[in-house]
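Read through the structure below, which is laid out as structure tokens, and then see the notes.
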Protein chains: 2
Amino acid sequence: MTGREGGADLAPPGPYDPVVILVRPQLAENIGTTARAMANGGLFHLRIVAPRDGWPQERAWYASSGAHRILDAAEVFDTVDDAIADLHRVFATCPRPRHVVKPVMTARGAAAELRAVSDRKLRSGILFGPERAGLDNEDMARADVLIRYPLNPRFMSLNLAQAVLVMAYEWFLTEDTTPERELMTNETHVATKGELENFMSHLIRDLDDSGFLRNEQKRPGMVRNLRHFFTRGEVTEQELRTLHGVVSELTTGRKARS
Amino acid sequence: MTGREGGADLAPPGPYDPVVILVRPQLAENIGTTARAMANGGLFHLRIVAPRDGWPQERAWYASSGAHRILDAAEVFDTVDDAIADLHRVFATCPRPRHVVKPVMTARGAAAELRAVSDRKLRSGILFGPERAGLDNEDMARADVLIRYPLNPRFMSLNLAQAVLVMAYEWFLTEDTTPERELMTNETHVATKGELENFMSHLIRDLDDSGFLRNEQKRPGMVRNLRHFFTRGEVTEQELRTLHGVVSELTTGRKARS
């Protein structure tokens, strides 16, 4: 599932959208793919605490698939305390918190909370730890809430950009209104029952001519089965036009042969 | 958010869990990271249609962060038709379907549908297209349902493993029962109101001794504010022990000085 749309043209950042804070990230590529994941979910504010190999690094821009504006605007800090000083609420992602006493939320629950905090015009941030070790106890002690993703407990290994994508995705969903199911109808429209009935009459007439429905006893059931089949899902006008053609052609062919 | 737990020890595959079908994937690394993303969401069945560089490829195993069993069991097919022949329901992921007339579902809606299909003991599969181009029209014509992720329409670029991760994550959530918010209390317990009251009495007694509450008029309000503060969130027994110590120490220090 690829295909980028105007990577440079990201949505304008909301002043109270969550800040993504990468704590001591190791690889510039991961900072770039993090920016890409943020862009996927409509997040913009990126802060980087003590990047191992310094900042800026060209490889990050290269790995971001066009999410350059996020990297251009990224801020670098020496410590977590500096990075969160102006924030009101801090979340920390950690696969399996230990020896901590803190509220733990799922990604979905945290996204709802982040949205609520944002609606109150408070600034929030999400801490993501270094690639290998994750956040240390000192980092987590600075967070109000821990986030643990519900994922296969036997295989929690998630790379940095994937961890960011899950939160960015859940953040985007908090305001998304896409129906869970809809019929895609580009350049065509769903047929009305009348249009469907026109086709059914056409079909049944030709089937009568062909003798297919000659058994008067079975005829009602056979017709009903056909009706059930053609009403199982929505049919489009375009499909009905095609079906009319199919029936006519088959009929003509039969007549030509006889 | 990293840290792998027993990558080799994946959950046993459910016979009706969805099959992930990579159509004409280009890079072996992406097949490996796809296996990793599948493992994150508890998916196991992987099929590969016409991998550009052939199969097997060592780099896939290297990129899978330990999801080897998924790759070991992966099946390779020449065509999409071969890969889906034994399935009952086929989903296809595509960022923005065009010129198609088909039901389109969100990742979440599709996951619920996949779970329902699985519960009916029917086999389902999800098609993921090649890195650059995505699925072509012929591929999509073979799917019953299209899946389009709700993501930032201005930045849809999603790499293969990320696309697989979103579906694997949603699949996992369909059976996950983690509460959206819980208090993490390793090695300690939430304090009872009685334990909290013991501390409040201790605190108020020492504050009375210190003269901090000497203003009889303001005293009730000040005490009430303290109660509000200490009841804002759950307090643990461990924290109460610490707070008792803090109050006693401060008191002792004060007495020592006077």
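Order of the sequence lines sets the chain letters (A, B, ...), proteins ahead of strands, with each chain counted from 1. From a predicted model like this one, the values you see are computed outputs, not experimental measurements.
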Under the ring pair (Phe, Tyr, Trp, His ring centres under 6.0 Å) rule, collect the residues that match up with A:Phe230, sequence neighbours excluded.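 Checked A:Phe230 against ring pair (Phe, Tyr, Trp, His ring centres under 6.0 Å); matches are A:Phe199.
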What residues, two or more places apart in sequence or in another chain, satisfy side chain to side chain contact (heavy atoms under 4.5 Å, CB included) together with B:Ala28? B:Gln57, B:Arg59, B:Ala60
Select one option (side chain, backbone, both, neither) describing which atoms of B:Asn40 are under 4.5 Å from chain A's heavy atoms.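 Its backbone and side chain both get close to chain A.
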Could you tell me whether the side chain of A:Arg36 and the main chain of A:Gly32 form a donor-acceptor pair under 3.5 Å? no
Could you tell me which residues satisfy salt bridge (Lys or Arg N to Asp or Glu O under 4.0 Å) with A:Arg115, sequence neighbours excluded, listed by chain and number?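 Checked A:Arg115 against salt bridge (Lys or Arg N to Asp or Glu O under 4.0 Å); matches are A:Glu175.
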Heavy atoms under 4.5 Å from chain B: which residues of residues 165-174 of chain A carry them? A:Leu165, A:Val166, A:Tyr169, A:Glu170, A:Phe172, A:Leu173
Do the charged groups of A:Asp144 and A:Lys102 touch, with an N to O distance under 4.0 Å? no
If the test is side chain to side chain contact (heavy atoms under 4.5 Å, CB included), which one of B:Asn159, B:Leu160, B:Val164 qualifies with B:Gln162?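 Passing option: B:Asn159.
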